[in-house]
Asker: 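Below you will find the structure I want to go over with you.
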Amino acid sequence: MTTAAPSIQFYNSLSHGLEPFALPADRPVTIYSCGPTVYDYAHIGNFRSFLFADLIRRFLEATGAEVRHVMNITDVGHMTEDTGEDKMAQAAKKLAEKKKADKKSGTVEEGQVEDPSDPYQIARFYEDAFLQDALTLGMRLANEPENIPRATENVEGMLAMIHELLASGHAYKSEGGVIYYSVESFPEYGKLSGNTLDQLVAGQGGRVSEDEIAGKRHPADFLLWKPDTSHIMKWDSDLGTGYPGWHIECSVMARRLLGDTIDIHTGGEDLIFPHHECEIAQTRGATGEDRFASFWMHARFLMVEGAKMSKSKGNFYTVRDVLGGKVTGRDVHPGVLRYELTKSHYRANMNFTVKGLQDSAAAVRKLIEFKARLKAEAGDATAEVDNSHPAVSGFLAALGDDLNMSGALGVLFPWVGGSHPDPAESLAAFEIIDSVLCTDPSADPADGESTGGFDPTALCKQIDEARAAKDWPAADAARDELKAAGYEVRNDPSGTVAVKELA
RNA sequence: GGUGGUGUAGCCAAGUGGUCUAAGGCAAUGGAUUGCAAAUCCAUCAUUCGGCGGUUCGAAUCCGCCCACCACCUCCA
């Protein structure tokens, strides 16, 4: 399938440098991505990180590799800091209030939670919402439920691993039966984050309470199991009825579905410490292997209009917000949001702006129309193209250099703008490139956009008639109406055509 | 205080010792086209790479210092 696999190198957070990535010869590439917590809708920052993982996968698949990609759903509610209230419990309260309000106004939403006091229903509600968003934005994983494990369905496995860690001396039982991982039992603790144990002195960040370190042998020791019957989600076990620590789920699910060692582990930069540091300690403590993931890859955070995204600043956007026009004032094509979130380098902070979104819309439209044009010109002709095609090999070679998307787009656009004497061949080449970019994730040949009673073709006809009669004011009025509704008005040789703006 | 990362035109950004008086995209400007626009096509658009020193025949690229921004050290993609 591939004749010219590009050489690949990725930045490895573990070694703090670029390293060559070799495709395994006789098995799929294994990727584990830390997935969403499901007590709220996922926001665009979450999706920058998830789409970054999807990009790695699509790129590797374009080079001919087979990929097994797993992403967990964290449906266990963890404690919030101040109130000690569980996040799932908070979500329950919120949904209950919303339900009450909706009932009052009679606007009961579809797919709503029947019993907001049931944490499992809440988790499933937001999980479904997440998967819908993931599907809309073209995440390949979204179609593979077998690769999307839930934490709550893996508690048995967590208990099993905790027992392994207790047996091997990496874990110990403290006051009240609380099980901690002993970081001092794992000499390489701190290698990923650069935080060595003596630097992690208690309270260095001023944010760890005295209570929290009581009962620990070392302040950096972390929770594996807590017997606690007051928690909203709890499980019976020989370690006492309670709940697991939040790091253990990923160690267990990655091992169960991908094996003792994996090729790539991804997540947001905030997960480097402590989450991934702890995952390494747990997994290696249990497996005895010399590594957990060969490559650790982390996406930098997204900013919105130059500021950290936060609800209080009013610049906090979910995927639904953006696609529904909360940012731009009109519907945004999913390919545009995907492009915007993946066009800049994953290892640099990206600044999400209205202007950036509009730029992306122009770029995406250019690519979608390019494809449509080639399709029309090629007609029934088809061509076989492999990765040695100059545009494809240039594009993939750039991505092979630590996912250099800007470099890849720097290859793509001049080629798109050039001449295409063999449209069938160019189309085949573009389809390979677009299998990575995914400019039209929800490509629907039916093109069934709802126009909400608005009829663009009728207005186009009006324009044509007015122009034929040289009634310029009437033509301009119809054109203005189309533009106000979010359409771009073009003069095609065959007549006036209205094209919906993508953002 | 500790740790990790980033700083190139109006915006997004490639480039890690000479081919860089620095790719590509968007925006902008001029022209062709148009009833006027839009779309399209052509052209223009950083002697300069956060600042200051240093190494070198030669630096955006290497070294030192400084400045700014982001993240983590609590849950967070």
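Labels below follow one simple rule: chain letters A, B, ... track the order of the sequence lines, proteins then strands, and each chain is numbered from 1. No experiment lies behind these values; they were computed from the predicted model shown.
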Asker: Is the Lys NZ or Arg CZ of A/Lys500 less than 6.0 Å from the centre of A/Tyr487's six-membered ring, within 45° of the axis?
Answerer: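 Checked: cation-pi criterion met.
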Asker: Indicate, with a heavy-atom threshold strictly under 4.0 Å, whether A/Leu302 touches base, sugar-phosphate, or nothing.
Answerer: base
Asker: Under 4.0 Å, heavy atoms only, any strand: does A/Arg48 hit a base, just the sugar-phosphate, or nothing?
Answerer: nothing
Asker: For atom C1', what is the distance between B/A43 and B/U61, given to the nearest Å?
Answerer: 32 Å
Asker: Can you tell me how far P of B/G35 sits from CZ of A/Arg479, to the nearest Å?
Answerer: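 So the two atoms are 11 Å apart, to the nearest Å.
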Asker: Looking at A/Asp221 and A/Lys216, is any side-chain nitrogen of the basic one under 4.0 Å from a carboxylate oxygen of the acidic one?
Answerer: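 Between A/Asp221 and A/Lys216 there is no salt bridge, as every charged N stays at least 4.0 Å from the carboxylate O atoms.
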Asker: For A/Phe413, which contact category applies under a 4.0 Å heavy-atom criterion: base, sugar-phosphate, or nothing?
Answerer: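 A/Phe413: backbone/sugar contact only, no base atoms under 4.0 Å.
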Asker: Could you tell me which nucleotide pairs with B/G7 by Watson-Crick or G-U wobble geometry, both distances under 3.5 Å, or answer none if nothing does?
Answerer: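 Partner of B/G7: B/C67.
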Asker: Look at all strands and tell whether A/Ile272 reaches a base, only sugar-phosphate, or nothing, counting heavy atoms closer than 4.0 Å.
Answerer: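 A/Ile272: no heavy atom of the nucleic acid under 4.0 Å.
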Asker: Using the P atom as the reference point in each nucleotide, state the distance between B/A38 and B/A28 in Å, no decimals.
Answerer: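 Straight-line distance between the two P atoms is 10 Å.
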Asker: On a whole-Å scale, what distance lies between the P atoms belonging to B/U47 and B/A9?
Answerer: 11 Å
Asker: Whole angstrom is fine here: how far is it from CG in A/Asn351 over to C1' in B/C11?
Answerer: 10 Å
Asker: If you pin A/Phe301 and A/Met350 to their nearest nucleotides in RNA chain B, which one's is more 5'?
Answerer: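 Nearer the 5' end of the strand: A/Met350.
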Asker: Does a nitrogen or oxygen in the side chain of A/Arg347 sit under 4.0 Å from OP1 or OP2 of B/U6?
Answerer: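 For B/U6, OP1/OP2 do have a side-chain N/O of A/Arg347 under 4.0 Å.
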Asker: Determine the contact category for A/Lys343: base if any of its heavy atoms lies under 4.0 Å from a base atom, sugar-phosphate if only primed atoms, P, OP1 or OP2 are that close, otherwise nothing.
Answerer: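 Here A/Lys343 touches the backbone only, sparing every base.
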Asker: Who does B/C72 pair with, Watson-Crick or G-U, both distances under 3.5 Å?
Answerer: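 Partner of B/C72: B/G2.
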Asker: Among A/Arg479, A/Lys483, A/Arg330, A/Arg365, which one satisfies salt bridge (charged side-chain N to carboxylate O under 4.0 Å, His left out) with A/Glu488?
Answerer: A/Arg365
Asker: Which part of the nucleic acid does A/Asp492 contact within heavy-atom distance under 4.0 Å: base, sugar-phosphate only, or nothing?
Answerer: nothing
Asker: Rounded to the nearest Å, what distance is computed from the OH atom of residue A/Tyr346 to the C1' atom of nucleotide B/G5?
Answerer: 12 Å
Asker: Given B/G5, B/C75, B/G35, identify the nucleotide with an atom nearest to the side chain of A/Pro274.
Answerer: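 Out of B/G5, B/C75, B/G35, the nucleotide with an atom closest to A/Pro274's side chain is B/C75.
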Asker: Of the nucleotides B/C36, B/G25, B/G2, which one has an atom closest to the side chain of A/Asn195?
Answerer: B/G2
Asker: We want to know whether A/Ser406 and A/His345 form a side-chain donor-acceptor pair, criterion being a heavy-atom distance below 3.5 angstrom.
Answerer: no
Asker: Using a strict 4.0 Å threshold on nitrogen-to-oxygen distance, state whether A/Asp359 and A/Lys343 make a salt bridge.
Answerer: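 No, no charged N to carboxylate O under 4.0 Å.
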Asker: Could you check which of B/C26, B/A37, B/A23 has an atom nearest any side-chain atom of A/Ser406?
Answerer: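 Nearest to the side-chain atoms of A/Ser406, counting from C-beta on, is B/A23.
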Asker: Which nucleotide in the list B/G35, B/C76, B/U3 gets nearest to the side chain of A/Trp246?
Answerer: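 Looking only at heavy atoms from C-beta outward on A/Trp246, the closest nucleotide is B/C76.
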Asker: Mind checking the P distance from B/C11 to B/G51? Whole angstroms is fine.
Answerer: 15 Å
Asker: Between B/C11, B/G5, B/C76, which one does the side chain of A/Lys355 approach most closely?
Answerer: B/C11
Asker: With a 3.5 angstrom cut-off on both distances, give the Watson-Crick or G-U wobble partner of B/A13, or none if there isn't one.
Answerer: none
Asker: Measure from CG on A/Asn349 to P on B/U6 and round the result to the nearest Å.
Answerer: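 Result: 10 Å.
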Asker: Hey, does A/Gly267 reach any base, or is it just sugar-phosphate, or nothing, if we go heavy atoms under 4.0 Å?
Answerer: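 If one applies the 4.0 Å heavy-atom cut-off, A/Gly267 turns out to touch the sugar-phosphate alone, with no base involved.
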Asker: Can you tell which of B/G2, B/C26, B/A14 lies closest to the side chain of A/Ala362?
Answerer: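 Side chain of A/Ala362 sits closest to B/C26.
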Asker: Considering only the C1' atoms, how many Å lie between B/G64 and B/A22, rounded to the nearest integer?
Answerer: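 Looking at atom C1' only, B/G64 and B/A22 are 25 Å apart.
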Asker: Classify the angle between the aromatic ring planes of A/Phe59 and A/Phe10 as parallel (below 30°), tilted (30 to 60°) or perpendicular (above 60°).
Answerer: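 Answer is perpendicular, since the angle exceeds 60°.
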Asker: Can you find a donor-acceptor N/O pair under 3.5 angstrom joining the side chain of A/Asp401 to the base of B/G15?
Answerer: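 Between B/G15 and A/Asp401, which were checked side chain against base, a qualifying N/O pair under 3.5 Å is absent.
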Asker: Between A/Thr283 and A/Ser251, is any side-chain donor less than 3.5 angstrom from a side-chain acceptor?
Answerer: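 Yes, a side-chain donor-acceptor pair sits under 3.5 Å.
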Asker: Tell which nucleotide pairs with B/U29, taking only Watson-Crick or G-U wobble pairs whose two distances are both under 3.5 angstrom.
Answerer: B/A43
Asker: Side-chain N or O of A/Ser193 less than 4.0 angstrom from OP1 or OP2 on B/U3?
Answerer: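 Result: no.
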Asker: Measure CZ/A/Phe273 against P/B/U3 and give the value in whole Å, please.
Answerer: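 In whole Å, B/U3 P and A/Phe273 CZ are 13 Å from each other.
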Asker: Taking the side chain of A/His16 as its heavy atoms from C-beta onward, which of B/C11, B/A13, B/G4 lies nearest to it?
Answerer: B/G4
Asker: Just compare B/G4, B/G35, B/C11 and give me whichever is closest to any side-chain atom of A/Asp359.
Answerer: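 In terms of side-chain proximity for A/Asp359, the closest of B/G4, B/G35, B/C11 is B/C11.
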Asker: When both hydrogen-bonding distances must be under 3.5 Å and the geometry is Watson-Crick or G-U wobble, what is B/C49 paired with, if anything?
Answerer: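 With both distances under 3.5 Å required, B/C49 matches none.
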Asker: Return the nearest nucleotide to the side chain of A/Trp472; candidates are B/C75, B/G35, B/A71.
Answerer: B/G35
Asker: Taking the same atom, P, in B/C69 and in B/U29, what whole-Å distance lies between them?
Answerer: 34 Å
Asker: To the side chain of A/Lys366, which of B/A77, B/G25, B/G2 is closest?
Answerer: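 Of the candidates, B/G25 comes closest.
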Asker: Categorize A/Gly410 for me: base, sugar-phosphate, or nothing, with a 4.0 angstrom heavy-atom threshold over every strand shown.
Answerer: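 Contact class for A/Gly410: base.
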Asker: Using atom CE of A/Met303 as one end and atom P of B/G5 as the other, report the distance to the nearest whole Å.
Answerer: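 Going from A/Met303 (CE) to B/G5 (P), I get 18 Å.
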Asker: Could you tell me which nucleotide pairs with B/A59 by Watson-Crick or G-U wobble geometry, both distances under 3.5 Å, or answer none if nothing does?
Answerer: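 Across any shown strand, B/A59 pairs with none.
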Asker: Indicate, with a heavy-atom threshold strictly under 4.0 Å, whether A/Tyr11 touches base, sugar-phosphate, or nothing.
Answerer: sugar-phosphate
Asker: Considering only the P atoms, how many Å lie between B/C75 and B/A14, rounded to the nearest integer?
Answerer: 32 Å
Asker: Once you round it to whole Å, what is the distance between P of B/C75 and NE2 of A/His43?
Answerer: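 Atom-to-atom, A/His43 to B/C75, this comes out as 17 Å.
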Asker: Side chains of A/Tyr339 and A/Cys438: closer than 4.5 Å at any heavy-atom pair?
Answerer: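 No, their side chains stay 4.5 Å or more apart.
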Asker: Are the charged groups of A/Arg347 and A/Asp402 less than 4.0 angstrom apart, N to O?
Answerer: yes
Asker: Write down the partner of B/A38 under the Watson-Crick or G-U wobble criteria, each distance required to be under 3.5 Å.
Answerer: none
Asker: In whole Å, what separates the C1' atom of B/A46 from that of B/C12?
Answerer: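 That atom pair is separated by 16 Å.
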Asker: Looking only at non-hydrogen atoms, find the nearest pair between A/Leu367 and A/Phe413 and report the distance.
Answerer: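 Looking at all heavy atoms of both residues, the closest pair is CD2-CE2, 4.0 Å.
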Asker: With centres under 5.5 Å and planes under 30°, do A/Phe50 and B/A77 count as stacked?
Answerer: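 Whether judged by distance or by angle, A/Phe50 falls short somewhere, so it does not stack on the base of B/A77.
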Asker: Write down the distance between OH (A/Tyr317) and C1' (B/A77), rounded to a whole number of angstrom.
Answerer: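 Between C1' of B/A77 and OH of A/Tyr317: 18 Å.
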Asker: I want to confirm an ordering. Mapping A/Arg467 and A/Leu192 to their closest nucleotides on RNA chain B, which one lands closer to the 5' end?
Answerer: A/Leu192
